[in-house]
Amino acid sequence: MAESNTDTKSSNQMWGGRFASGPDAIMEEINASIGFDKKLFAQDIRGSIAHATMLAHQGIISAEDKDKIVHGLNTILSEIEGGNFEFSRRLEDIHMNIEARLATLIGPAAGRLHTARSRNDQVALDFRLWVKEELQKTEQMLTGLIAAFLDRAEEHAESVMPGFTHLQTAQPVTFGHHCMAYVEMFGRDRSRVRHAIEHLDESPIGAAALAGTGYPIDRHMTAKALGFREPTRNSIDTVSDRDFAIEFLAIAAITGMHLSRLAEEIVIWSTPQFGFIRLSDAFSTGSSIMPQKKNPDAAELVRAKTGRINGSLIALLTIMKGLPLAYSKDMQEDKEQVFDAAESLELAIAAMTGMVRDMTVNTASMKAAAGSGFSTATDLADWLVREAGLPFRDAHHVTGRAVALAESKGCDLAELPLADLQAIHSAITDKVYDVLTVEASVASRKSFGGTAPSEVRKQIAFWRARN
Ligand code: ARG
C-alpha cells in the first residue's frame with residue numbers, strides 16, 4: 001500500500017486501513033486542500049520538528065528516530081523551497097504530503113512522528129503560526145503607512161484646506177490635521193493587530209484529536225520552542241477554535257474600510273474639479289482613448305479590495321456558525337478566505353503608502369477652496385458671542401443673515417462692507433475682519449485635538465514618540 005500514489009483504486013496510505021477501496025474522483029476533489037494549504041509547508045515542518053524533539057525529550061520516541069525525522073523534514077523544507085517537491089492531491093493536504101515524503105526519505109521512523117498528535121491539532125498549529133506571522137507583517141506595514149502620513153502632516157501642518165461634513169464645506173482645517181485623522185485610524189488598526197497577536201499566542205499542539213493524549217507529552221516545551229507564550233488550556237476548544245482567523249479577517253475588514261475611505265478621498269481630491277492633489281505617474285494610469293486622463297486606478301482598486309475582504313470575513317463567520325464541537329471538515333474552508341484577504345490587505349496598504357508618499361499636494365487650490373463656501377461663518381458667530389456678548393443661537397442667526405447677503409451679492413463674508421454687516425447687527429466692528437480669514441480661523445482652534453497648527457504639531461510629536 002506504500003506505493004499507492006498512482007493507483008487510484010487503492011485506499012489512502014495514511015488512514016485507509018479500514019477502507020477496501022480508494023475515494024471516488026469527486027470525493028478526492030472535494031476533500032483535498034493541498035491546492036491551497038501547501039502555503040503552510042514551513043509552519044507544518046517547524047511544528048513537526050518541535051513535536052518530534054519534544055517526543056524524544058520525553059522518551060516517547062528514540063533520539064535516533066528523532067534525528068532521522070528532523071533531518072528528513074529539513075530535506076523536505078529545502079525541496080519545497082527549491083521547487084523540487086511534487087505535491088499530490090491523493091494525499092489530501094500539506095500534512096500528509098510531507099509525512100508521505102518523509103516515509104520515502106527515512107523509512108519506518110517517519111511513522112513515529114504522528115505519535116500523540118492528530119491533524120486536528122496539527123492544522124490548528126500551522127494555521128495559527130501563519131496568521132501570527134501575517135499579523136506581524138501587517139503591524140509593520142501599518143507602521144510604514146502611519147510614518148508616511150506623519151511626514152505629510154509635518155510638511156503640511158500649516159496648509160489650509162476646507163474641512164467637510166456631508167461633503168459640504170464646513171470649516172477650514174489644515175491638511176496636516178486631516179492627515180493626522182488617518183494616523184489615528186491606522187493607529188487603532190495597529191493596536192487591534194497587537195491585541196490579536198496576544199490573543200492567539202497559545203500553542204495548540206498536543207490537544208491531539210480533541211481529548212488530549214495518554215502519552216507523557218510536554219506541551220509547555222513545544223509552546224516555548226514554537227515561540228508561543230503558553231499552551232492552550234482546553235483540548236476540545238483548541239481543535240475547534242478559529243477565532244484567531246476570524247479576528248484577523250475582522251481587523252482586515254476594519255482596516256480595509258479605513259483604506260477605502262482614504263481611497264475615496266484620493267479619487268475625489270485628484271479630480272480636476274477639486275485639484276487638491278496630483279498622483280505620481282508611478283501610482284496612476286492613463287486612458288487608452290482620452291489622452292488627457294490620469295486615472296487613480298490604484299485607489300479605486302483599494303476601494304474594491306475592501307469588498308473582497310468583507311466577503312472573506314462573512315464567509316468564515318458563516319462557515320463557523322452552528323458547527324458543533326469539536327473539529328469538523330467545514331473548517332478546512334477557513335484558509336482560502338484568510339489567504340485571499342491577507343493578499344488583498346497587503347497590496348492595499350502598500351499601494352496606499354506609495355500614493356500618500358508620492359502625491360503632490362496643491363496647497364494653492366486647497367487654500368482657495370478653504371476660503372470659499374463661507375467656511376468662516378462659525379468664526380463670525382463665535383466673534384459675536386465673544387465680543388458682543390450674544391447668546392450663540394442669536395449669533396448663529398445673525399451670521400446666517402450675513403451669509404445670505406454675501407451669497408446674494410456673490411461675494412465672500414470677508415468681502416462684505418462694514419456698513420452691510422452693521423445693518424445686520426449694530427455691535428459688529430471692523431475688528432471682525434481679523435477672524436474672517438482662513439488662517440485666523442485655523443489658528444484659533446487650539447482646543448486639544450483641534451486643527452490649529454500648534455495642536456497638529458503636538459499630535460505629530462505624540463505619534464512619533466509612540467510608534
Ligand atoms: N486539511 C485539513 C484542514 O485543513 C486538516 C485536518 C484534517 N482533519 C481531519 N480529521 N480530517 O482542516
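Values reported hereafter were calculated over all heavy atoms of this structure, with side chains retained and with hydrogens, waters and symmetry mates removed. Both ligands and their constituent atoms are indexed starting at 1 by order of listing.
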**Prompt:** With atoms numbered from 1 as shown, which atoms in ligand 1 lie under 4.0 angstrom from a non-hydrogen atom of Ser33?
**Reply:**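 Heavy-atom distances to Ser33 below 4.0 Å select 1 (N).
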**Asked** If you measure from atom 9 (C) of ligand 1 to every heavy atom of Asn120, Asn31, Asp121, which option wins on shortest distance?
**Response**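 Checking each option, the heavy atom nearest atom 9 (C) of ligand 1 is found in Asn120.
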So which heavy atom in the protein is nearest [atom], and how far is it from that ligand atom?
atom: atom 11 (N) of ligand 1; value: Arg119 NH2, 3.5 Å
atom: atom 4 (O) of ligand 1; value: Lys335 NZ, 2.6 Å
atom: atom 1 (N) of ligand 1; value: Gln332 OE1, 2.8 Å
atom: atom 5 (C) of ligand 1; value: Asp93 OD2, 3.5 Å

**Item:** side-chain hydrogen bond (donor to acceptor under 3.5 Å, both in side chains) assessment of His258 paired with Asp189
**Value:** CA-CA 9 Å; His258 290 151; Asp189 293 332; 2.7 Å; yes
**Message:** When you measure from the side chain of Ser88 to the backbone of Arg90, do you find a donor-acceptor pair of N or O atoms at a distance under 3.5 Å?
**Reply:**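 Yes: the side chain of Ser88 pairs with the backbone of Arg90.
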**Asked** If we only count N/O pairs under 3.5 Å, is Arg242 in contact with ligand 1?
**Response**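 Looking only at distances, the answer is no, because the N/O contact criterion of under 3.5 Å is not met.
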**Asked** Under 3.5 Å, N or O to N or O, is Tyr327 touching ligand 1 that way?
**Response**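 Tyr327 vs ligand 1: N/O contact under 3.5 Å present.
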**Asked** Quick one: does Glu92 get a heavy atom under 4.0 Å from ligand 1?
**Response**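 It does not; every heavy atom stays at 4.0 Å or beyond.
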**Message:** Pair Thr213, Arg117 - check side-chain hydrogen bond (donor to acceptor under 3.5 Å, both in side chains), show working.
**Reply:** CA-CA 8 Å; Thr213 176; Arg117 173 175 94 164; over 6 Å; no
**Message:** Students often mix this up, so state it plainly: with edges at 30° and 60°, are the rings of Trp269 and Phe276 parallel, tilted or perpendicular?
**Reply:**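 Plane angle between 30° and 60°, so tilted.
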**Request:** Have a look at ligand 1 and work out which part of Gln122, if any, has a heavy atom under 4.0 Å from it: side chain, backbone, both or neither.
**Result:**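 Neither part.
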**Message:** Looking at Glu155, I want to see if its CD is surrounded by more than 12 non-hydrogen atoms of other residues, nucleotides or ligands under 6.0 Å.
**Reply:**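 Yes.
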**Prompt:** Is the count of non-hydrogen atoms from other residues, nucleotides or ligands lying under 6.0 Å from His114 atom NE2 greater than 12?
**Reply:**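 Count over threshold, so yes.
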**Prompt:** Looking just at side-chain N and O atoms, do Ser312 and Arg308 make a donor-acceptor pair shorter than 3.5 Å?
**Reply:**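 Short answer, no.
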